[in-house]
Amino acid sequence: MNFQNVTFERSFGISSQLPPSTVPEIAFAGRSNVGKSSLLNKLFNRKGLAKVSQTPGKTATINFFAVDGARLVDLPGYGYAQVAKSEKHRWSELIEGYFNQDRNFALVVSLVDIRHAASDLDENMIGFLQEAGLPFAVALTKADKLSRQQQMKQKAALVKQLDLDADTPLVVCSSANGTGIDELRALIKSAAL
Ligand SMILES: Nc1nc2c(ncn2[C@@H]2O[C@H](COP(=O)(O)OP(=O)(O)O)[C@@H](O)[C@H]2O)c(=O)[nH]1
Ligand SMILES: [Mg+2]
């Protein structure tokens with residue numbers, strides 16, 4: 001998979017609009033502001049691929065990107081407190097709608113901020129992936145904000161809190177300094193085969 005060959009496909013505001021899944025899909029999920037757009041841009045070396053936003057809580061959409069026989073799925077960021085009820089409803093409709101469809105789920109990359117305990121919504125997301133038996137990996141974002149020692153400590157705490165199996169890939173990463181990016185690329189590549 002050549003990560004340079006990525007192109008934006010389309011945004012969807014309602015799950016019934018999603019086209020059938022014809023290629024392996026690698027989906028990215030995480031709370032609003034966790035660093036999802038930054039990570040996508042870093043993984044694919046494209047600054048403006050996914051918009052990096054300082055103001056979270058914009059209209060929820062699912063964004064599809066095509067890359068060499070696979071598809072990247074940018075799921076709407078969850079958990080932004082200030083959004084209206086109607087928007088929260090849209091968010092859950094999209095996420096649940098996506099996962100309830102018969103799709104080629106190659107990998108779900110679940111993003112969690114390494115600096116903090118996982119939120120209830122992070123726990124729900126990962127609990128759902130575990131129960132559904134979907135292939136997933138956890139990316140701990142913004143590692144550059146912590147020392148190596150703090151990273152190790154937080155990693156262990158999050159493994160415990162989220163009850164992660166030893167075989168769940170866990171990648172400490174940073175879009176700011178590139179930590180974990182190659183490791184994440186390798187996981188995506190092998191999942192898409
Ligand atoms: N220090 C640091 N800041 C980051 C990193 N990734 C994202 N950010 C910042 O976190 C904020 C939210 O990032 P964004 O990618 O828009 O998050 P999203 O809402 O999950 O898409 C922005 O101010 C980013 O510059 C990272 O790896 N390190
Ligand atoms: Mg974003």
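A quick note: this is a predicted structure, and the numbers were derived from the prediction, not measured. All ligand and atom numbering here is 1-based and tracks the order in the structure.
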Donor-acceptor pair, side chain of R10 and main chain of I62, under 3.5 angstrom: no
N or O contact, G35 vs ligand 1, cut-off under 3.5 Å: yes
Selection from K142, K145, K42 by shortest heavy-atom distance to atom 9 (C) of ligand 1: K142
Any G77 heavy atom less than 4.0 Å from ligand 1: no
Ligand 1-proximal atoms of D144, by part, heavy-atom distance under 4.0 Å: side chain
Closest to atom 7 (C) of ligand 1 (judged by heavy-atom distance), picking from A176, C173, S38: S38
N/O/S from S32 sitting under 2.8 Å away from the Mg ion (ligand 2): no
Any donor-acceptor pair under 3.5 Å from T141 side chain to V34 backbone: yes
Donor-acceptor contact below 3.5 Å, side chain D68 vs main chain N2: yes
Atom indices of ligand 1 within 4.0 angstrom of N33 heavy atoms, with elements: 11 (C), 12 (C), 17 (O), 18 (P), 19 (O), 20 (O)
Check: S119/D122 side-chain N/O donor and acceptor closer than 3.5 Å: yes
Donor-acceptor contact present, side-chain Q151 to main-chain L146, <3.5 Å: yes
Donor-acceptor contact below 3.5 Å, side chain E93 vs main chain I14: no
